[in-house]
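The block underneath contains the structure these notes are about, expressed in structure tokens.
Order of the sequence lines fixes the chain letters, A, B, ..., with proteins taken first and strands second; residue numbering starts at 1 for each chain. Values below: every heavy atom of this structure, side chains too, minus hydrogens, waters and symmetry copies. Quick caveat, the model's predicted, so the values are computed rather than measured.
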Amino acid sequence: MKRFLTIVTALLLIILPACESNPLYFRLSSDYFPVSPAGATWEYSIEGGGSRIVTVVDQTIMGERPCWRLQSGADYNYWINEDGKLEKFEDHSVLFNGFEVPIYQAWITMFEWPLANGMTLRDSVSTQAVSQGVTLSHTWIRDQIVSGPEVSPGGEWSQCYRIHQNEMTINWIQTAGFAPETTVSVRNIWLAPDVGIVRIQSSDSLITLTSFTGGEE
Amino acid sequence: MYKATILMLIVSATLMAGTMNFVFEGAGVTPIGGWGENLSSGLSGGLYGNWFFSRKLRAGLGVEGAVFGDANQGSASFTQLKPMGIVSFFLRPHGATFNPGIVAGFGYCMSRLASGGGVDTESWDPVWRAGIRWNFSLGSPWRAGLGFDLEGVMASEKSGDAFKLTFGISREVQL
């Protein structure tokens, strides 16, 4: 018995110094973008003045799928968080000659779970519609790189993942006098466990979570 | 090199005389709690060397590896590597068809998450396991065992608990 205990002790002495513990199982069990239940509310402050309140309103059907409806100001967003991914319903249209022309309606994947440091995601949409004999094309490409876990820049939230988003949109009204319009936006989003978005930072704006209230199950 | 030499010397000293068995054990692993929500059930395999303090009481060392896939056809994978000390007690060590026993283990677990081409920092945490076995003979010196374990990785903030259905074969060796 003494010999066995000696071996175990020696092994622990060898192994332990190389060990580093981190809350990996906590991160795995956390919801990094809770879009339910109803009543959950996020209050954000916008740098330079203003605030934004996002609330989970209810469950509804959108694009033939049951989803959660979130209200932000006068806008509604539709989200599904299941089967290992977070999806958002996108309803994109463009204004042409005084008409609102629908380009596409689809569920777009925002994130895939579980997040991990170095994870990369690419999503894209390429579509076109014809209105008044003119082709309107729309291309959207978003690259995301995940880093973390880290503490949010304000130091309030730990075990966050930072999503670096690079989004490019090309709209083109394919008729004389119009050239493709390309828009590039780059932002960083910090997601905290069981809270969701705690900070969005781009070159010209900064949005920070000031309070979060979970809804009633 | 220094640490490896110490380990080799200790293992060599232990293997000078006595009776041992070597056990290979495979298991189906089901995560308990939310940590496995985006992971599939896992498979594990372990190799252990047990020293016979008596026919009934054994203790040894081993290493076990487990792998979990993505629950949603994604690219996530989760792996565990567990060097452990194991103690087992069997009631009827010579029983041909029925030799019930209990096992308990304690060690360390290295956990690693990979997803979407990224890899999280590995975590080393204490791990325990406890279970029961139904052991039976396959013809000397081979035996086999069925059973189940409860296992817990004692990670910070949230433990990684799991239920395991195990099947193992062992071979007894006289040194």
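Heavy atoms of B:Gln73 lying under 4.5 Å from chain A are absent altogether. The contact between A:Leu115 and chain B is made entirely by backbone atoms, counting heavy-atom distances below 4.5 Å. Looking at A:Phe111, neither its backbone nor its side chain comes within 4.5 Å of chain B, counting heavy atoms on both sides.
When the shell of 6.0 Å around CZ of A:Arg65 is examined, it contains more than 12 heavy atoms from other residues, nucleotides or ligands. No more than 12 heavy atoms of other residues, nucleotides or ligands sit less than 6.0 Å from atom CD of B:Glu37. Enclosure of atom CZ in B:Phe136 by more than 12 non-hydrogen atoms of other residues, nucleotides or ligands within 6.0 angstrom is indicated. Counting non-hydrogen atoms of other residues, nucleotides and ligands closer than 6.0 Å to CH2 of B:Trp134 gives a total of 12 or fewer. Enclosure of atom CH2 in A:Trp107 by more than 12 non-hydrogen atoms of other residues, nucleotides or ligands within 6.0 angstrom is indicated.
Between chain A and the options B:Ala155, B:Ser111, B:Ala76, heavy-atom pairs under 4.5 Å are most frequent for B:Ser111. Interface summary for chain A: among B:Pro31, B:Gly33, B:Gly160, the most heavy-atom pairs under 4.5 angstrom belong to B:Gly160.
A donor-acceptor pair under 3.5 Å links the side-chain atoms of A:Asn22 to the main chain of B:Thr121, judged by distance alone. Between the side chain of B:Ser115 and the main chain of A:Ala116, no donor-acceptor pair closer than 3.5 Å is present.
The two residues A:Tyr25 and B:Asp125 have their closest heavy-atom pair at CE1-OD2, 4.3 Å. Nearest heavy-atom pair across A:Pro114 and B:Asn38 is CD-CB, 4.0 Å.
Considering OG of A:Ser30 and CD of B:Glu157, their distance stands at 8.0 Å, rounded to 0.5 Å. Atom CZ of residue A:Arg27 and atom NZ of residue B:Lys158 lie 14.0 Å apart, to the nearest 0.5 angstrom.
Residues A:Trp113 and B:Asn72 have side chains not in contact (no heavy-atom distance under 4.5 Å, counting atoms from C-beta outward).
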